[in-house]
Amino acid sequence: MTSHTIPPRSAFPEGFLFGAATSAYQIEGHGQGGAGPTHWDSFAATPGNVVNAEDGAVACDHIGHLDEDLDLIRGANLDVYRFSTSWARVLPEGSGTPNAEGLDFYDRLVDGLLARGIKPAATLYHWELPQPLADIGGWRNRDIADRFADFAEVIMGRIGDRVWSAAPINEPWCVSWLSHFLGQHAPGMRDIRATARSMHHVCLAHGRAIQAMRGLGMSNLGAVCNLEYATPVDASPEAAAAATLYDGYYNRFFLGGIFNRAYPEDALRGLGPHLPKGWEDDFDVIGTPVDWCGINYYTRKIIAPDDGPWPHHHEAPGHLPKTQVGWEIFPQGLHAFLKRTHEGYTRGLPLYVTESGMASDDRIANGKVDDRARIDYLAQHMEQVRRAADEGIPVKGYIVWSLMDNYEWSLGYGPRFGLIHVDYATQTRTPKASYHALADALAR
Ligand code: FCB
């Protein structure tokens, strides 16, 4: 196997930005600082949902290690840090009285980044829905959009004057389909009506939050979608149609709603009967103009047709090399999505790769972590980004998932996605070989 090296900063267009990402519940330590309960806490406490029933109560104790972690971002020569703000930390009841300690924390985070010359890229929601809102239907209840806009005003009323960019919702597909159709994430439902409703309400909440942030005078606002490449299992027309439909409800539904003010016909054939009444009238809000689009990209899936109920398909095994979590490594998919998003949806708006990375079973040996598979993975994906930039696609940045090992949702603390190794028993941080390789490539 040939191994790839991370291209130097100079190989990318002038002003191209590099960063690393995390999210609140995955690193902060949700059990401290006055945060309220979330649907992830109850989901994790239910046997069978999360490996070892692990939760985010302690995670990486990022709150207790803020300065150390910010210094590590700086030490990797990164330009941007993409973090998320926990709704339940800011508003423990989901609405009402803010938690002053929570707001203070995000204030310190943003100021700490700026003091180190790093651009703060905020995501408002990365999955920890306050439990009181989950209790009244969560993303199935249309009211979520207004509650979310209120949260946007509270948190951005505090830090919106200093963040470099903001996006309302991380990965609409995960918030809706993964969590309400596949049942793999909180609230762990498997119900098509709940799925269709949450898909639409996520889009609506996105638009309402963009409006709220515009109202505060903020700029550089975007949308972050996770895109997954669909490959037909064989050369039959049935397999091609199955892969196209997968692409429809996974990728084109959210990009279509937000950038083209329409949902794709193929996805609507199955979801239409379950959408809330009057959904067609919401596109003025959903399509509120944004300034950029973020793409989170990890893998592809092989799709096979079957005779089951809609969407009449299932995943088949693939044969490419896989990461620790079994995801095939398919870098070309990133180039394909940058091109398609630019041509079919964003038409000239800046694109950012807002997440890219892999899990590996990294261990410390002699004080070091030799994660050369991650260096190879990042290098191959950065090459695809460079290819897109060379073709004139306006991709402006590449952000690695993740800054450090953290709570990987239903997989618990086993998968390690970080540039930095975390020993969860001692909270010791050890930069991996990939961290050092990135720091060298990005040095000015
Ligand atoms: C993305 C999520 C992120 C992390 C990575 C591996 O879908 O945004 O929180 O779980 O996958």
Side-chain angles (χ1 to χ4, degrees), residues 19-28 30 38-40 43-44 49-51 54-56 59-60 62 80-87 121-129 139 167-186 188 202 206 222-229 250-251 254 293-301 322-330 333-334 337 352-362 371 373-374 377-378 381 398-420 422 434:
T22 62
S23 89
Y25 192 80
Q26 292 177 276
I27 66 165
E28 286 176 354
H30 193 79
T38 78
H39 70 174
W40 261 96
F43 180 76
N49 284 342
V50 177
V51 172
E54 289 167 341
D55 62 29
C60 306
H62 174 59
V80 180
Y81 175 55
R82 178 172 177 258
F83 64 97
S84 77
T85 52
S86 165
W87 190 341
T123 303
L124 272 83
Y125 181 76
H126 199 129
W127 307 352
E128 58 286 292
L129 188 70
W139 291 103
I169 290 165
N170 180 66
E171 303 188 344
W173 179 88
C174 291
V175 176
S176 51
W177 194 280
L178 183 65
S179 308
H180 297 83
F181 193 82
L182 300 178
Q184 292 172 12
H185 277 194
V202 163
H206 157 87
V224 173
C225 293
N226 56 314
L227 304 181
E228 199 171 85
Y229 199 88
Y250 200 122
N251 303 314
F254 303 100
C293 178
I295 294 175
N296 295 356
Y297 176 77
Y298 290 92
T299 189
R300 71 162 184 180
K301 288 281 160 55
K322 297 187 181 63
T323 70
Q324 185 191 11
V325 292
W327 296 351
E328 282 193 310
I329 300 174
F330 186 64
L334 180 53
F337 280 130
Y352 294 91
V353 177
T354 32
E355 285 184 25
S356 170
M358 69 172 283
S360 51
D361 186 14
D362 302 318
D371 62 337
R374 178 168 294 101
Y377 182 102
L378 297 178
H381 286 77
Y398 179 83
I399 299 178
V400 177
W401 183 273
S402 176
L403 176 68
M404 55 183 148
D405 296 340
N406 57 50
Y407 178 64
E408 182 46 33
W409 308 112
S410 56
L411 301 177
Y413 290 96
R416 293 186 174 272
F417 272 94
L419 298 168
I420 298 166
V422 177
S434 58

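Start at 1 with the first residue, then count along the sequence. As the structure lists them, so they are numbered: ligands from 1, and atoms in each ligand from 1.
- Checked options W401, Y298, Y297, Y398; the residue passing with E355 is Y298 (criterion: side chain to side chain donor-acceptor pair (under 3.5 Å)).
- Residue W409 has at least one nitrogen or oxygen atom sitting less than 3.5 Å from a nitrogen or oxygen atom of ligand 1, judged on distance alone.
- Counting heavy atoms closer than 4.0 Å to ligand 1, residue N170 contributes side-chain atoms (C-beta onward) but none from N, CA, C or O.
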- Message: The test is side-chain hydrogen bond (donor to acceptor under 3.5 Å, both in side chains); show your working for N170 and N226 and say whether it passes.
- Response: CA-CA 8 Å; N170 180 66; N226 56 314; over 6 Å; no
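- Remark: the backbone N or O of Y407 is paired with a side-chain donor or acceptor of Q26 at under 3.5 angstrom.
- Close contacts of ligand 1 with F417, meaning ligand atoms under 4.0 Å from a residue heavy atom, involve 6 (C).
- Taking the six-membered ring for Trp and the full ring otherwise, W127 and H185 have centroids separated by under 6.0 Å.
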- Query: Can you check side-chain hydrogen bond (donor to acceptor under 3.5 Å, both in side chains) on Y125 and S86, steps first, answer last?
  - Reply: CA-CA 7 Å; Y125 181 76; S86 165; over 6 Å; no
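- More than 12 non-hydrogen atoms from other residues, nucleotides or ligands lie less than 6.0 angstrom from OH of Y413.
- Nearest non-hydrogen protein atom to atom 2 (C) of ligand 1 is E355 OE1, 3.4 Å.
- Looking only at heavy atoms of the protein, atom 7 (O) of ligand 1 is closest to E171 OE1, 2.5 Å.
- The residue from M358, Q26, E408 that puts a heavy atom closest to atom 9 (O) of ligand 1 is Q26.
- From the protein, the heavy atom lying nearest to atom 5 (C) of ligand 1 is Y298 OH, 3.3 Å.
- Atoms of ligand 1 found under 4.0 Å from any heavy atom of H126, numbered from 1 in the order shown, are 2 (C), 3 (C), 8 (O), 9 (O).
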